[in-house]
Participant: 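First the structure, then my questions, so here it is.
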Amino acid sequence: MTVDLKPVSNSSNIQAVGYDPQAKEMHVQFSSGTYVHEGVSPEQHAALMAAPSKGKHYHAHIKGKFKHRKL
């Protein structure tokens with residue numbers, strides 16, 4: 001399944017974010033590549049998307065807290 005990435009305009013780090021609710025996978029695109037984080041709840045995805053600073057939220061609540069892989 002291909003996840004639809006939505007551009008993030010108010011972040012200097014994150015370019016786009018996508019989410020697959022059935023697989024509970026969040027795709028986060030940076031200039032260095034796209035990472036897939038496993039086991040992310042819909043609420044955690046929504047919190048990232050609603051955060052005033054997506055990069056700060058990502059580093060505080062997502063990075064290092066979920067199994068991930070680079071695409």
Side-chain angles (χ1 to χ4, degrees):
M1 174 181 189
T2 303
V3 173
D4 184 29
L5 294 174
K6 302 205 182 318
V8 175
S9 59
N10 61 345
S11 176
S12 59
N13 286 331
I14 299 173
Q15 295 180 337
V17 176
Y19 186 66
D20 178 347
Q22 290 184 329
K24 291 190 175 181
E25 290 184 341
M26 184 164 62
H27 296 227
V28 182
Q29 182 180 37
F30 298 92
S31 60
S32 62
T34 301
Y35 293 83
V36 179
H37 298 272
E38 300 174 12
V40 178
S41 72
E43 294 80 13
Q44 290 161 322
H45 170 253
L48 173 69
M49 297 309 287
S53 172
K54 309 257 186 303
K56 284 183 183 177
H57 184 90
Y58 174 82
H59 287 286
H61 301 284
I62 305 296
K63 184 178 179 182
K65 304 204 180 343
F66 296 92
K67 183 177 177 183
H68 69 278
R69 67 186 185 281
K70 186 174 181 181
L71 293 180

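We number each residue from 1, following the sequence as shown.
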Participant: If you take all heavy atoms of Asn13 and Gly55, which pair is closest and at what distance?
Facilitator: ND2-CA, 4.5 Å
Participant: Got a sec, which residues hit ring-ring contact (aromatic ring centres under 6.0 Å, His included) with His61, two or more places apart in sequence or on another chain?
Facilitator: His57
Participant: Considering only heavy atoms from C-beta outward, does the side chain of Met26 approach that of Val17 to under 4.5 Å?
Facilitator: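 In short, these two side chains touch, coming nearer than 4.5 Å.
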Participant: Under 3.5 Å, side-chain donor or acceptor atoms of residues 43-53 against the rest of the protein: list the pairs with distances, not counting sequence neighbours.
Facilitator:
from: Glu43; atom 1: OE1; to: Ser41; atom 2: OG; distance (Å): 3.4
from: Gln44; atom 1: OE1; to: Ser41; atom 2: N; distance (Å): 2.7
from: Gln44; atom 1: OE1; to: Ser41; atom 2: OG; distance (Å): 3.0
from: Ser53; atom 1: OG; to: Lys56; atom 2: N; distance (Å): 3.2

Participant: Which heavy atom in Glu25 sits nearest to a heavy atom in Tyr19, and how many Å separate them?
Facilitator: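 So the minimum-distance heavy-atom pair works out to O-CD1, 3.3 Å.
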Participant: Checking salt bridge (Lys or Arg N to Asp or Glu O under 4.0 Å) against Glu38, which of Lys65, Lys24, Arg69 comes through?
Facilitator: Arg69
Participant: Which heavy-atom pair separates Ala16 from Leu5 by the least distance, and what is that distance?
Facilitator: CB-CB, 3.9 Å
Participant: With heavy-atom distances below 4.5 Å as the criterion, would you say the side chains of Gln15 and Val28 are in contact?
Facilitator: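 No; the side chains remain at least 4.5 Å from each other.
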Participant: Do Tyr35 and Ile62 share a hydrophobic cluster (ILVMFWY, side-chain heavy atoms under 4.5 Å, transitive)?
Facilitator: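 In one cluster with Tyr35: Ile62, yes.
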Participant: Suppose we screen for ring-ring contact (aromatic ring centres under 6.0 Å, His included). Which residues come up paired with Tyr58, at least two apart in sequence or across chains?
Facilitator: Phe30, His37
Participant: Flag the pair Gln29 / Ile14 as yes when at least one side-chain heavy-atom distance between them is below 4.5 Å, and no otherwise.
Facilitator: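 A side-chain contact is absent here, since even the closest heavy-atom pair is not under 4.5 Å.
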